[in-house]
Protein chains: 2
Amino acid sequence: MKLSLRGEYALRALLVLGMNTDKEVVRIQTISDEQNIPKRFLEQILNELKVAGILESRRGIAGGYRLKSAPEKITLAEVIRLIEGPLAPVSCVSEKFYEKCTCPDEAKCGIRSVMKDVREAIVKVLEQVTVAQLCDRARMLEGQVANPLDYVI
Amino acid sequence: MKLSLRGEYALRALLVLGMNTDKEVVRIQTISDEQNIPKRFLEQILNELKVAGILESRRGIAGGYRLKSAPEKITLAEVIRLIEGPLAPVSCVSEKFYEKCTCPDEAKCGIRSVMKDVREAIVKVLEQVTVAQLCDRARMLEGQVANPLDYVI
DNA sequence: GCTATACTCTATCAAAACAGTAGAGTTAAT
DNA sequence: ATTAACTCTACTGTTTTGATAGAGTATAGC
Ligand code: FES
Ligand code: FES
């Protein structure tokens, strides 16, 4: 049930980019330093996110990456699906990456029934949370109030 | 976020054993046939479940496996934790298998905050569902009413 | 006691996934 | 022109996964 490091790195990079939407672009080196991610490995991941249309880049000496669309538009679910594949614990309950499994009868499978619930629980969280919210949480944890409205009774 | 085949096989074997609590024991061969699981692979898995105290076995010509405790006592969470390890998507939010990750500051990590929610969602399902309930679902899907009480208004 | 059959234990193995490294190439600001 | 950044493709070592193999041990039934 684990996320690969590749996936974790992708999310952590997006967090950095989300925190720096004021800047034109952020360099790979900066993200790499800030998050302890091997630079050459991170290059691949960011490029993959770019090809997928989540990031855009500028090349050359003042180059770097930035989010292509608003941080509110990018859900963690889509990022993880892109990097990792299915969110579902077994492929036979996956919506986007369905594959039938070796069970004799999918329609009567108790495991499948439970795993559907698990998938739904996971998806519910990850499709709701956007990069913007990820950043809000990070700001909150740093003691900076992200949104004062949260504290109005 | 995927379960390995090993874990899936374990659950499917437990489903069969749960459906056959009336019998003294069930042979590996029977489970293997019923669920399309490679027999020699399944042997290892069942033995692992036995060593962990979830199953018990009888050897010899009338041998086989059965659940050691009541199907209501065995949760899917404990089985998956045994076979697969952590339920959490990243190790830094795992309760039973905690390991710190490469993030610069765990306490201020937005990813970690979200992944905690995901872990909780997964655990909520898998710690609630027992082998008994797994069997109920399977019976339900087969059109047999598992428990007539469910239909009393 | 013998035998057939089932579980037990350890080892091995091929293929895939994972995590990372390397190098040559392209772009663009100065 | 230079330099510092992204780009693209390939490779490599390690670990995990999904098995398979073989020798050994227990037991029911004759
Ligand atoms: S686990 Fe996929 S159908 Fe049974
Ligand atoms: S993901 Fe583990 S602390 Fe950031």
Side-chain angles (χ1 to χ4, degrees), chain A residues 1-13 17 23-33 35-66 68 80 83-86 89-91 97 99 101-102, chain B residues 1-13 17 23-33 35-66 68 80 83-86 89-91 97 99 101-102:
Chain A
M1 313 285 286
K2 288 201 45 170
L3 202 65
S4 69
L5 270 182
R6 199 180 172 80
E8 191 188 312
Y9 290 163
L11 296 182
R12 279 159 61 183
L17 290 170
K23 300 194 180 58
E24 277 291 303
V25 292
V26 181
R27 276 177 305 148
I28 292 177
Q29 187 66 60
T30 307
I31 302 174
S32 163
D33 291 345
Q35 290 284 333
N36 296 324
I37 302 172
K39 189 189 162 195
R40 295 305 300 271
F41 194 22
L42 183 58
E43 281 183 16
Q44 290 174 26
I45 298 166
L46 292 181
N47 196 242
E48 198 176 339
L49 292 173
K50 193 200 101 175
V51 169
I54 291 172
L55 302 182
E56 55 191 8
S57 67
R58 181 197 294 170
R59 293 170 76 159
I61 197 162
Y65 282 93
R66 68 171 178 186
K68 188 164 186 182
I80 296 177
I83 302 286
E84 302 272 314
V90 293
S91 52
F97 299 85
E99 247 176 296
C101 64
T102 57
Chain B
M1 314 284 286
K2 286 202 48 170
L3 201 66
S4 68
L5 269 183
R6 200 180 172 80
E8 191 188 313
Y9 290 164
L11 295 182
R12 279 160 61 183
L17 290 170
K23 299 193 181 58
E24 278 291 304
V25 292
V26 180
R27 277 178 303 151
I28 292 177
Q29 187 66 61
T30 308
I31 301 173
S32 162
D33 290 345
Q35 289 285 332
N36 296 324
I37 303 172
K39 189 189 161 194
R40 295 305 300 271
F41 193 23
L42 183 58
E43 281 182 16
Q44 290 175 27
I45 298 167
L46 293 180
N47 197 242
E48 198 176 340
L49 292 173
K50 193 199 102 176
V51 170
I54 292 173
L55 301 182
E56 56 191 6
S57 67
R58 183 196 292 170
R59 292 170 75 157
I61 196 163
Y65 282 93
R66 67 171 179 189
K68 188 164 186 181
I80 295 176
I83 301 286
E84 301 271 315
V90 293
S91 52
F97 299 85
E99 249 176 297
C101 62
T102 57

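Lettering follows sequence order; numbering is per chain, from 1.
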* Would you say a side-chain N or O of A:Asn47 is under 4.0 Å from OP1 or OP2 of D:dC6? -> no
* Structure fact -> Between B:Ser32 and B:Leu42 the two heavy atoms that sit nearest each other are N-CD2, 3.7 Å
* To do: Indicate whether the side chain of B:Asp33 and that of B:Gln29 have a donor and an acceptor atom separated by less than 3.5 Å.
  => yes
* **Rounded distance (Å) that lies between atom C1' of C:dA19 and atom NZ of A:Lys2** => 13 Å
* Write down the distance between CD1 (A:Ile28) and C1' (D:dC8), rounded to a whole number of angstrom. => 12 Å
* Looking at residues 52-59 of chain A, who's got a heavy atom less than 4.0 Å off DNA chain D? -> A:Ser57, A:Arg58, A:Arg59
* Asked: How would you label the contact of A:Gly63 with the nucleic acid (heavy atoms, under 4.0 Å): base, sugar-phosphate, or nothing?
  -> sugar-phosphate
* Asked: Hey, what do you get for CZ (B:Arg6) to CD1 (B:Ile80), rounding to the nearest 0.5 Å?
  -> 14.0 Å
* To do: Let me know the distance between CD of B:Glu43 and C1' of C:dA11, rounded to the nearest Å.
  => 14 Å
* Structure fact -> Rounded to whole Å, the CD1-C1' distance (B:Ile37 to D:dT20) equals 16 Å
* Structure fact -> On a heavy-atom basis, the closest approach of A:Leu17 and A:Tyr65 is CD2-O, 3.4 Å
* Asked: Distance check: side-chain N/O of B:Lys50 vs OP1/OP2 of C:dT8, anything under 4.0 Å?
  -> yes
* Going from CZ on A:Arg58 to CZ on A:Arg27, what distance comes out if it is rounded to the nearest 0.5 angstrom? -> 12.5 Å
* Rounded distance in Å - CG (B:Leu46) to P (C:dA6) -> 14 Å
* Does D:dA19 have OP1 or OP2 sitting under 4.0 Å from an N or O in the side chain of B:Tyr9? -> yes
* Whole-Å distance separating the CG atom of B:Asn36 from the P atom of D:dA19 -> 12 Å
* Asked: If you check every side-chain atom of A:Pro38, which of D:dG18, D:dA28, C:dG20 has the closest atom?
  -> C:dG20
* Hey, is the side chain of A:Arg27 poking within less than 4.0 Å of OP1 or OP2 on D:dA5, counting only N and O atoms? -> yes
* Between B:Val51 and A:Leu42, which has a closest nucleotide on DNA chain C that is more 5'? -> B:Val51
* For atom CD1 of B:Ile61 and atom P of D:dG29, their distance in whole Å -> 8 Å
* Closest heavy-atom pair and its distance - B:Ala10, B:Ile45 -> CB-CG2, 3.7 Å
* **Closest nucleotide among C:dA4, C:dA19, D:dA4 to the A:Arg6 side chain** => C:dA19
* Round to a whole Å and report the spacing from CZ of B:Phe41 to P of C:dC13. => 18 Å
* Asked: Would you call B:Leu3 and A:Met1 a side-chain contact if the rule is heavy atoms closer than 4.5 Å?
  -> yes
